[in-house]
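Encoded as structure tokens, the structure appears first; notes follow it.
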Amino acid sequence: MSVGSVALRALGVLRRVLQAATVACLAIMVLAITVQVVGRYLLPFPIADAVEISTFAQVWLVLLGAGLACRADALFTVDLVGSRLSPALERARRLLVLLAGSVFLGMLMWGSLALLELGARQRAPTLQIAMWWIYVSIPIGVAYFWIELAVRCLAPGLDRRDHVDGEHPR
């Protein structure tokens, strides 16, 4: 088994885990908002925990979902020129996109380190959990987004569905 196939299998496992986590975040968010609405309109009191839970689930959903959206080509892109470039220029364009994306994601990663330190000391107002649990979604989401961006830019011909998810091409 080659290093490349091990890396592709690991990426497939990572993708499945993050897809499941994203679905779980969405389910938690929907459930928490439903509880909040029922508490507010059918019971005599709002349930404040539900608001915080849904907010935190949304943060995780967005940060994990960004990498999944990159993989699915669901992010806004301007590729008017890409199809008209020679293969060498298209390769250079992809590398430039990777470089610019890496700089942006690197800045997000750097900024998240200060939040992690703060989050170790700070508590959520209602749930009283360490904010570290929320802030750690930033470096995790950014790292996964960078992985998908790198795969997209460095291996554009890789059939992301069949080869990386462990399925065999038909």
Side-chain angles (χ1 to χ4, degrees), residues 1-30 33 53-120 130-170:
M1 188 176 285
S2 71
V3 173
S5 67
V6 170
L8 288 177
R9 283 185 186 269
L11 182 57
V13 169
L14 177 66
R15 286 175 170 169
R16 284 190 293 280
V17 167
L18 292 180
Q19 284 172 340
T22 304
V23 169
C25 287
L26 181 62
I28 290 167
M29 206 169 91
V30 168
I33 291 170
I53 289 169
S54 67
T55 301
F56 294 161
Q58 183 181 18
V59 168
W60 274 94
L61 175 73
V62 167
L63 288 162
L64 295 180
L68 294 172
C70 180
R71 173 186 179 223
D73 198 19
L75 298 174
F76 177 76
T77 59
V78 179
D79 58 358
L80 180 66
V81 205
S83 61
R84 295 188 172 106
L85 294 175
S86 68
L89 286 176
E90 171 58 18
R91 197 170 27 261
R93 184 193 66 84
R94 283 195 321 268
L95 290 174
L96 183 62
V97 166
L98 179 58
L99 176 65
S102 296
V103 168
F104 172 71
L105 293 172
M107 290 188 312
L108 284 177
M109 186 69 81
W110 179 262
S112 73
L113 299 178
L115 279 176
L116 289 174
E117 287 181 35
L118 177 66
M131 288 300 290
W132 184 89
W133 289 104
I134 311 313
Y135 296 152
V136 77
S137 64
I138 299 169
I140 291 171
V142 165
Y144 177 59
F145 193 135
W146 185 84
I147 289 169
E148 291 296 352
L149 180 65
V151 168
R152 189 170 186 76
C153 291
L154 298 176
L158 182 68
D159 186 354
R160 291 182 290 279
R161 294 257 180 238
D162 293 337
H163 296 285
V164 177
D165 282 347
E167 299 172 11
H168 296 290
R170 294 177 208 351

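Along the sequence shown, residues are numbered consecutively beginning with 1. The structure presented is a predicted model; accordingly, all values stated were derived computationally and were not measured. Note that these values count all heavy atoms, side chains included, but never hydrogens, waters or copies made by symmetry.
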Measuring only between side-chain heavy atoms, which start at C-beta, is [X] closer than 4.5 Å to [Y]?
X      : Y      : answer
Val142 : Ser112 : no
Leu68  : Gln19  : yes
Arg71  : Val151 : no

For [X], which residues count as a side-chain contact (heavy atoms from CB on, under 4.5 Å) partner, sequence neighbours excluded?
X      : result
Ala114 : none
Val30  : Leu26, Thr34
Leu14  : Leu11, Leu18, Tyr144, Ile147
Ser5   : Met1, Ser2

Can you measure from [atom1] ([X]) to [atom2] ([Y]) and round to the nearest 0.5 angstrom?
X      : Y      : atom1 : atom2 : answer
Leu118 : Leu113 : CG    : CG    : 12.5 Å
Ser86  : Arg93  : OG    : CZ    : 11.5 Å
Arg91  : Leu96  : CZ    : CG    : 14.5 Å

Check [X] against [Y] and note the closest heavy-atom contact, atom names and distance.
X      : Y      : answer
Pro156 : Cys153 : CD-O, 3.9 Å
Leu75  : Phe145 : CD1-CZ, 3.5 Å
Gly65  : Thr22  : N-OG1, 4.3 Å

May I have the list of side-chain donor-acceptor pairs in residues 53-64 shorter than 3.5 Å, sequence neighbours left out?
unit_1: Ser54; atom_1: OG; unit_2: Ala50; atom_2: O; d: 3.2
unit_1: Ser54; atom_1: OG; unit_2: Val51; atom_2: O; d: 2.9
unit_1: Thr55; atom_1: OG1; unit_2: Val51; atom_2: O; d: 2.9
unit_1: Trp60; atom_1: NE1; unit_2: Trp133; atom_2: O; d: 3.1

Indicate every side-chain donor-acceptor pair of residues 97-111 with a distance under 3.5 Å to a residue at least two apart or in another chain.
unit_1: Ser102; atom_1: OG; unit_2: Leu98; atom_2: O; d: 2.7
unit_1: Ser102; atom_1: OG; unit_2: Trp146; atom_2: NE1; d: 2.7

